[in-house]
**Q** 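Quick one: structure below, then a few questions.
Here the structure is a predicted model, which is why all the values come from computation and not from measurement. First listed ligand is number 1; within each ligand, the first listed atom is number 1.
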Amino acid sequence: MKEIILLKSGEIALKGLNRGSFEDALIRNAKRRLGSLGRWKITKSQSTLYCEPQEDGLDLDEAVERLSKVFGFAALTRAAVVEKSWDAIRAAAIEYLADALPYVNTFKVNARRSDKQFPMNSPEICRELGGALLAAYPHLKVDVNEPEMVVWVEVREKAAYIHARQLPGAGGLPVGTSGKAMLLVSGGIDSPVAGYMMAKRGVEVSAVHFFSPPYTSERAKRKVITLLEKMCAYTGRIKLYVAPFTEIQEQIKEHCPEELFTIVMRRYMMKIAQRIAAQNDCTALITGESLAQVASQTIGAIACTDAVCEMPVLRPVIGMDKEEIVQIARKIDTFETSILPYEDCCTVFTPRHPRTKPKLKFVQYAEEALDEEGLISRSLAGVEEITIQP
Ligand code: ATP
Ligand code: MG
């Protein structure tokens, strides 16, 4: 029996005139995510995408798994493709659901008929198919209120489709439809979650990571790459820029008051990140800051950090508790990697008593001791580019 994957688009239905380009982005993203699994044909009709295998033996389970992480879909399901005749629909439903109906006790049939030429209307299809399934599987009972399984029959333009295992999609908007932003990614729990959340709103994510050899190890850098490899199941391809930060941190340590280390360092991160962002068509930065989680994330400290930013800084986890962030990190499978105990450049130079209410003018005064342009341009010159593929 021929099987395909049906995907229902979600919120993009609301986008009026932009709808066409949103759907094109959805198809493009779905195609990319399936590319390495073989040849597929993806077409759209009404608010449904049809994903048809073009060669034998393609792994539909893996395809469903991958597509369930593509933003922009409300629901998806494997479905049997059936000729549009009542006999074919009845026979196919009995056969196609043979690995499912024996394991439930109650069911109901839902029908949708967009092809009004089909001689039976939706209530008739429901009634007749319900009866046929009861006859074929006598242990079953119909329960219209809380069935264990809903059997769907959709009679559409080209064929009828039967399915019974609809799964929730990833929701959100297709990646790429909300522009492009640069994620400051550490090896911690929060920044991968922040990247995931913005991708869910349609942002194409690039990433910058600051590393400070020999204070931070190759393993710490490898950990960031692993985090992005997990994230990109949702975000799609990510360009990672690894920027050297050792000289900057050493200079800050040598020339600035200890209680201002962190804030000066964070301002340098932002300055460099936004230069790399601008060179790569990103129009915003993303961080994993959560209000008051640490000294550098008080409103006062954030104000000092933001003072160097010329582009918007998106902070999607700013109002979330650690527990809520951890929940998402577990869901996207980054948590176990994030808690591996490798050093981050932030932790290596943590002052004993960081300022929680830094005054901007003192911070700026402290920074005058540094050769800002030289430090930034030497870091930019050492940037390494790595492409992370799903
Ligand atoms: P995370 O869990 O994301 O590491 P955190 O709670 O440890 O966050 P900080 O270490 O203060 O908080 O970092 C705040 C934000 O600054 C991070 O979420 C990230 O966006 C950015 N950041 C921190 N360290 C780095 C780094 N080495 N490279 C790039 N960005 C960083
Ligand atoms: Mg951190």
Side-chain angles (χ1 to χ4, degrees), residues 181-198 205-213 215-225 227-228 230-231 238-246 248-249 252 261-277 282 284-298 301-302 304-306 308-309 313-330 332 334-351 354-356 358 379 382-384 386:
M182 182 68 69
L183 170 69
L184 284 86
V185 65
S186 67
I189 298 169
D190 307 326
S191 42
V193 170
Y196 159 85
M197 288 177 74
M198 293 326 302
V205 176
S206 295
V208 54
H209 175 67
F210 296 99
F211 82 133
S212 299
Y215 306 104
T216 63
S217 62
E218 244 346 92
R219 285 189 314 183
K221 184 167 125 192
R222 187 61 234 165
K223 172 180 172 183
V224 169
I225 293 173
L227 286 172
L228 293 177
K230 290 176 181 283
M231 239 177 81
I238 300 172
K239 269 275 179 69
L240 167 66
Y241 303 89
V242 182
F245 210 55
T246 314
I248 293 173
Q249 288 191 300
I252 295 173
F261 280 3
T262 311
I263 195 75
V264 173
M265 183 183 81
R266 296 205 48 75
R267 282 160 58 91
Y268 267 82
M269 283 189 180
M270 294 305 212
K271 289 180 210 180
I272 295 171
Q274 68 188 346
R275 295 239 198 143
I276 302 174
C282 295
L285 301 177
I286 305 170
T287 73
E289 288 162 299
S290 162
L291 190 63
Q293 197 187 79
V294 288
S296 62
Q297 298 176 20
T298 62
I302 288 176
C304 282
T305 311
D306 267 1
V308 299
C309 294
V313 182
L314 308 176
R315 298 180 166 93
V317 304
I318 193 78
M320 291 169 75
D321 291 348
K322 197 75 188 184
E323 231 356 90
E324 295 171 297
I325 301 173
V326 164
Q327 229 175 39
I328 299 180
R330 286 190 193 280
I332 64 173
T334 52
F335 182 73
E336 296 298 329
T337 306
S338 288
I339 59 174
L340 294 174
Y342 306 145
E343 63 298 315
D344 180 60
C345 66
C346 288
T347 41
V348 177
F349 289 86
T350 307
R355 269 283 148 82
T356 53
S379 173
V383 168
E384 179 195 358
I386 301 171

**Q** Can you name the residues that form a side-chain contact (heavy atoms from CB on, under 4.5 Å) with I339, not counting sequence neighbours?
**A**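 I339 satisfies side-chain contact (heavy atoms from CB on, under 4.5 Å) with I189, F335, E336 only.
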
**Q** May I ask you to decide if S290's main-chain N or O and Q297's side chain share a donor-acceptor pair within less than 3.5 Å?
**A**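 Yes; at least one donor-acceptor contact below 3.5 Å.
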
**Q** Tell me every residue that passes side-chain contact (heavy atoms from CB on, under 4.5 Å) with T305, counting only those two or more places apart in sequence or in another chain.
**A**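 For T305 the side-chain contact (heavy atoms from CB on, under 4.5 Å) partners, ignoring immediate neighbours, are I263, R266, M270.
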
**Q** Below the 3.5 angstrom mark, is there an N/O of K322, backbone or side chain, next to an N/O of ligand 1?
**A**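 Between K322 and ligand 1, no N or O pair is found under 3.5 Å apart.
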
**Q** Quickly, which of V313, T287, I272 forms a side-chain contact (heavy atoms from CB on, under 4.5 Å) with L184? Name it, please.
**A**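 Result: among V313, T287, I272, T287 is the only option passing the side-chain contact (heavy atoms from CB on, under 4.5 Å) with L184.
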
**Q** Number the atoms of ligand 1 from 1 as they appear, then name those within less than 4.0 Å of a heavy atom of H209, with their elements.
**A**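 Numbered from 1, ligand 1 contributes 26 (C), 27 (N), 28 (N), 29 (C).
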
**Q** Is G187 in polar range of ligand 1, meaning some N or O pair under 3.5 Å apart?
**A**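 Such a contact does not occur with ligand 1.
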
**Q** Please check: side-chain N/O of S379 versus main-chain N/O of F245, any donor-acceptor pairing under 3.5 Å?
**A**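 Such a contact is absent between S379 side chain and F245 backbone.
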
**Q** Are any of the N or O atoms of S191 closer than 3.5 Å to those of ligand 1?
**A**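 S191 vs ligand 1: N/O contact under 3.5 Å present.
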
**Q** Determine whether V317 and I328 satisfy the following criterion, side-chain contact (heavy atoms from CB on, under 4.5 Å), listing intermediate values before the conclusion.
**A** CA-CA 11 Å; V317 304; I328 299 180; over 6 Å; no

**Q** What atoms of ligand 1 come closer than 4.0 angstrom to any heavy atom of G188?
**A**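 So the atoms of ligand 1 that pass are 1 (P), 2 (O), 4 (O).
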
**Q** For L340, is there any backbone N or O sitting under 3.5 Å from a side-chain donor or acceptor partner on K223?
**A**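 It does hold such a pair.
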
**Q** Give, for atom CE of M198 and atom CE of M182, the distance between the pair rounded to the nearest 0.5 Å.
**A**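 The CE atom of M182 is 15.0 Å from CE of M198, to the nearest 0.5 Å.
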
**Q** Does ligand 1 come near enough to L184 that some N or O of the ligand is less than 3.5 Å from an N or O of the residue?
**A**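 Yes, at least one N or O pair falls under 3.5 Å.
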
**Q** Write down the atom of L183, the atom of S191, and the distance for their closest heavy-atom approach.
**A**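 Here L183 and S191 meet closest at CD1-O, 3.5 Å.
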
**Q** Under 3.5 Å between some N or O of ligand 1 and some N or O of M269?
**A**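 Among all N and O atoms of M269, none is under 3.5 Å from an N or O of ligand 1.
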
**Q** Just to be sure I'm reading this right: ignoring hydrogens, which of R266, E289, M270 gets closest to atom 16 (O) of ligand 1? Compare them by their nearest heavy atoms.
**A**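 When every heavy atom of R266, E289, M270 is considered, R266 comes closest to atom 16 (O) of ligand 1.
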
**Q** Hey, is V208 touching ligand 1 through its side chain, its backbone, both or neither, going by heavy atoms under 4.0 Å?
**A**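 Contact part for V208 vs ligand 1: backbone (N, CA, C, O).
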
**Q** Counting from 1, what ligand 1 atoms have a heavy atom of T287 closer than 4.0 Å?
**A**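 It comes down to these atoms of ligand 1: 20 (O).
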
**Q** Would you mind telling me if ligand 1 is within reach of the side chain of V185, the backbone, both or neither, using heavy atoms under 4.0 Å?
**A**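 The backbone, only.
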
**Q** Can you find an N/O atom of F210 closer than 3.5 Å to an N/O atom of ligand 1?
**A**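 The answer is yes, given that F210 and ligand 1 share an N or O pair closer than 3.5 Å.
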
**Q** Quick check: I189 and ligand 1, any N/O pair under 3.5 Å apart?
**A**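 So ligand 1 has an N or O lying under 3.5 Å from an N or O of I189.
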
